[in-house]
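Worksheet: the structure to be examined is printed underneath.
The structure presented is a predicted model; accordingly, all values stated were derived computationally and were not measured. Only heavy atoms go into these numbers, but all of them, side chains included; no hydrogens, no water, no symmetry mates. Just so it is clear: chains get the letters A, B, ... in the order the sequence lines come, proteins before strands, and each one is counted from 1.
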Number of protein chains: 2
Amino acid sequence: MRYPKGQKAESREKLVRASASLAKQRGFGVSGVDALAETAGLTSGAFYRHFEGKDQLLAAIVETELETTRARFATIDPASREQLLIAIDAYLSLAHVRHPEAGCVLPTLASEVARAPDETKAVFERALRELTAVLGEKVGEPTLASALVSLSVGAVTIARALASDEARREVLGAARKSARALLATL
Amino acid sequence: MRYPKGQKAESREKLVRASASLAKQRGFGVSGVDALAETAGLTSGAFYRHFEGKDQLLAAIVETELETTRARFATIDPASREQLLIAIDAYLSLAHVRHPEAGCVLPTLASEVARAPDETKAVFERALRELTAVLGEKVGEPTLASALVSLSVGAVTIARALASDEARREVLGAARKSARALLATL
DNA sequence: GTCTATATTACGATAGAC
DNA sequence: GTCTATCGTAATATAGAC
């Protein structure tokens with residue numbers, strides 16, 4: 001089992017899910033333990049009965065969130081190019097750009113994982129491998145799946161740093177167009 | 001002129017250049033003003049004679065750094081596909097992944113600009129437009145240039161969050177392959 | 001123009017009551 | 001298992017000397 005046995009599992013799960021939203025919105029490193037714990041209705045005192053420190057929470061967030069993203073793509077019918085394009089368009093949408101707290105963890109927290117301890121990166125690597133493996137089944141080619149992830153994560157990351165919706169639409173539209181071009185090369 | 005007149009310009013420029021390296025390596029939000037100022041041999045007291053607050057420094061870093069990245073691509077001969085590919089391969093290299101402090105500002109700080117004030121995003125947008133305009137001239141198509149930036153930024157961001165060189169090479173290699181495929185569609 | 005010193009607030013983490 | 005209270009440190013920003 002993934003969580004330690006006992007009744008702690010429920011609180012821990014809520015802590016991970018709720019603090020993930022805050023971390024995706026404001027950033028993990030700049031968010032204090034008090035604020036992170038409060039998202040689950042807890043105090044920092046309780047927090048340290050679930051995690052040895054902040055670093056462990058980031059690893060748990062990354063693992064849970066990447067699993068969620070993977071699940072979102074897992075339902076796609078491998079034979080349906082249309083379903084795949086709908087999922088890609090949703091990822092590369094203004095709605096996703098506008099709501100990081102509800103979106104994929106990659107554009108928001110990947111750059112923080114890059115500065116985290118090796119154990120955190122190991123969790124990230126394992127979870128990303130599973131995500132790209134699932135996407136590879138749907139796309140037909142594993143290498144292309146990886147590139148589509150990079151393209152989409154980069155586009156959303158950049159779009160969020162832009163000031164105008166006009167510029168955001170340009171970046172997202174360009175990414176959607178290139179995603180189609182890449183899928184057409186198969 | 002871009003900087004206020006007087007002798008302050010020199011110290012300010014050093015402050016921006018030096019603190020950019022620290023911000024790219026450790027993150028901007030989690031770096032204190034003391035540490036940022038110290039990279040230029042200054043104290044926080046002196047810092048506030050150059051900037052009204054941290055936010056202004058991030059805007060200055062983003063502007064200067066994106067200009068540097070743009071300059072790196074500006075020397076490419078538009079007729080030479082080979083020069084373009086060399087530049088893209090350098091961006092999508094393990095060396096770039098391993099040295100964020102000396103690399104492009106986009107994979108490291110774009111997600112922090114996303115949480116910064118609108119004025120910071122406005123500076124980012126203007127500078128990114130200039131960068132993609134230059135790249136558009138070299139590539140031949142502005143839309144494709146934007147997608148190549150997104151693809152490259154995403155790949156480097158993700159590669160840095162991975163634990164093993166093996167996984168990093170996979171992500172970077174997949175991005176290089178797709179960049180070539182996209183350029184071949186022209 | 002930069003320093004030292006400091007005001008004030010927030011941080012990560014722990015101790016002990018319930 | 002969670003709370004309140006707290007320790008020690010570090011954050012942003014300012015004041016005043018030089």
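At the phosphate of D/dT14, neither OP1 nor OP2 sits under 4.0 Å from any side-chain N or O atom of B/Y48. Residue B/T43 places at least one side-chain N or O closer than 4.0 Å to OP1 or OP2 of C/dC3.
Separation of atoms CZ (A/R26) and CG (A/L36) is listed at 10.5 Å; rounding is to 0.5 Å. Between atom CD of residue A/E65 and atom CG of residue A/L106 there is a gap of 9.5 Å, rounded to the nearest 0.5 Å.
Between A/E52 and A/V30, it is A/V30 whose nearest contact on DNA chain C lies nearer the 5' terminus.
For A/S11, taking side-chain heavy atoms from C-beta onward, the closest of the listed nucleotides C/dT2, D/dT2, C/dG12 is D/dT2. Closest to the side chain of A/S44, from the set D/dA13, D/dG16, C/dA13, is C/dA13.
For B/K14 and C/dG1, the NZ to C1' distance is 14 Å, given to the nearest whole Å. Per the geometry, CZ belonging to B/R26 stands 16 Å off C1' belonging to D/dA11, to the nearest Å. The nearest whole Å value for the distance from the CG atom in B/L42 to the P atom in C/dT4 is 11 Å. In this structure, A/D34 atom CG and C/dG12 atom C1' are separated by 9 Å, rounded to whole Å. Atom C1' of nucleotide C/dA10 and atom CG of A/L36 are separated by 14 Å, given to the nearest angstrom. Distance, A/E38 CD to D/dC3 P: 10 Å, rounded to whole Å. Distance, A/Q56 CD to C/dA13 P: 10 Å, rounded to whole Å. Atom pair B/L15:CG and C/dC3:P shows a separation of 11 Å (rounding to whole Å applied).
No more than 12 heavy-atom neighbours from other residues, nucleotides or ligands sit within 6.0 angstrom of NZ on B/K177. More than 12 heavy-atom neighbours from other residues, nucleotides or ligands sit within 6.0 angstrom of CD on A/Q83.
Across all strands, A/G45 comes closer than 4.0 Å to base atoms (heavy-atom distances). Residue contacts for B/G41: at a heavy-atom cut-off of 4.0 Å it reaches the sugar-phosphate backbone alone, with no base atom in range.
A side-chain N or O of B/E125 and one of A/S164 form a donor-acceptor pair less than 3.5 Å apart.
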